[in-house]
Each structure stands twice: as C-alpha cells, then as structure tokens.
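Because the structure is predicted, anything quoted here is derived from the model rather than measured. Because only heavy atoms are used, hydrogens play no part in the values below, and waters and symmetry mates are left out as well, while side chains stay in.
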Amino acid sequence: MKFLICLFLLFVSCQKKDDVLPTKSEIVNQVRRNVAKQLKCELGLHPIGTGAQMMYKVEMLSLSFMYPES
C-alpha cells in the first residue's frame, strides 16, 4: 500500500508545468502583443502605450499608437 502511495505522489509531482493554465494577465498581454504586431504590419502603426481594466474580469483593453506621417 505504501508503494502505491509513493508511486502516486511521484507521478503527480513529475507532471509538466506546461499543463498549468495561463493567468488572466498573461492572456491579456498575449492578446495586446498579437494585436499590436498585426496592426504594425498591416497599417504601419507603432504601439506606444497600453492599458487595461480588469479586477474580477477583463472589462477593457487599450492600445495607444503613433501614426507615422506620410
């Protein structure tokens, strides 16, 4: 019986860290990064600032851009 408990604990402790879900902040940062990158490529907008409102849930995300004059 002790062997099974030890085996179970060993199995649980050896699981990959990749199985952990990303936090709300990590998801928000990824979304902002992807949008900023896409808008820079498509429209030539250069990101200069970010913002967010998210206490219990994500209410608002903002990105500020510098538009180069033609």
Side-chain angles (χ1 to χ4, degrees):
M1 182 66 170
K2 289 181 183 180
F3 175 75
L4 290 177
I5 293 172
C6 290
L7 186 62
F8 175 75
L9 291 175
L10 180 66
F11 176 74
V12 170
S13 66
C14 290
Q15 287 190 356
K16 295 180 182 178
K17 298 261 183 201
D18 296 340
D19 296 343
V20 178
L21 294 175
T23 65
K24 179 173 41 176
S25 297
E26 292 170 340
I27 294 171
V28 164
N29 288 334
Q30 184 180 6
V31 167
R32 280 194 294 218
R33 189 170 34 253
N34 290 344
V35 169
K37 203 180 293 185
Q38 184 176 359
L39 290 176
K40 186 175 182 180
C41 289
E42 290 179 9
L43 303 174
L45 299 175
H46 300 279
I48 58 171
T50 63
Q53 180 180 352
M54 53 181 198
M55 180 63 125
Y56 301 108
K57 61 181 182 177
V58 178
E59 296 283 337
M60 182 269 309
L61 296 177
S62 67
L63 286 168
S64 300
F65 294 94
M66 181 174 55
Y67 185 73
E69 294 180 29
S70 299

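- A donor-acceptor pair is defined here as one N or O able to donate and one able to accept, closer than 3.5 Å; no such pair exists between the side chain of Arg32 and the backbone of Ile27.
- The hydrophobic clustering, which links ILVMFWY residues whose side-chain heavy atoms are closer than 4.5 Å, places Ile48 and Leu45 apart.
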Could you walk me through whether Gln30 and Glu26 pass the side-chain hydrogen bond (donor to acceptor under 3.5 Å, both in side chains) test, one step at a time? CA-CA 6 Å; Gln30 184 180 6; Glu26 292 170 340; over 6 Å; no

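- With sequence neighbours left out, Val58 forms a side-chain contact (heavy atoms from CB on, under 4.5 Å) with Lys24, Val28, Met54, Leu61.
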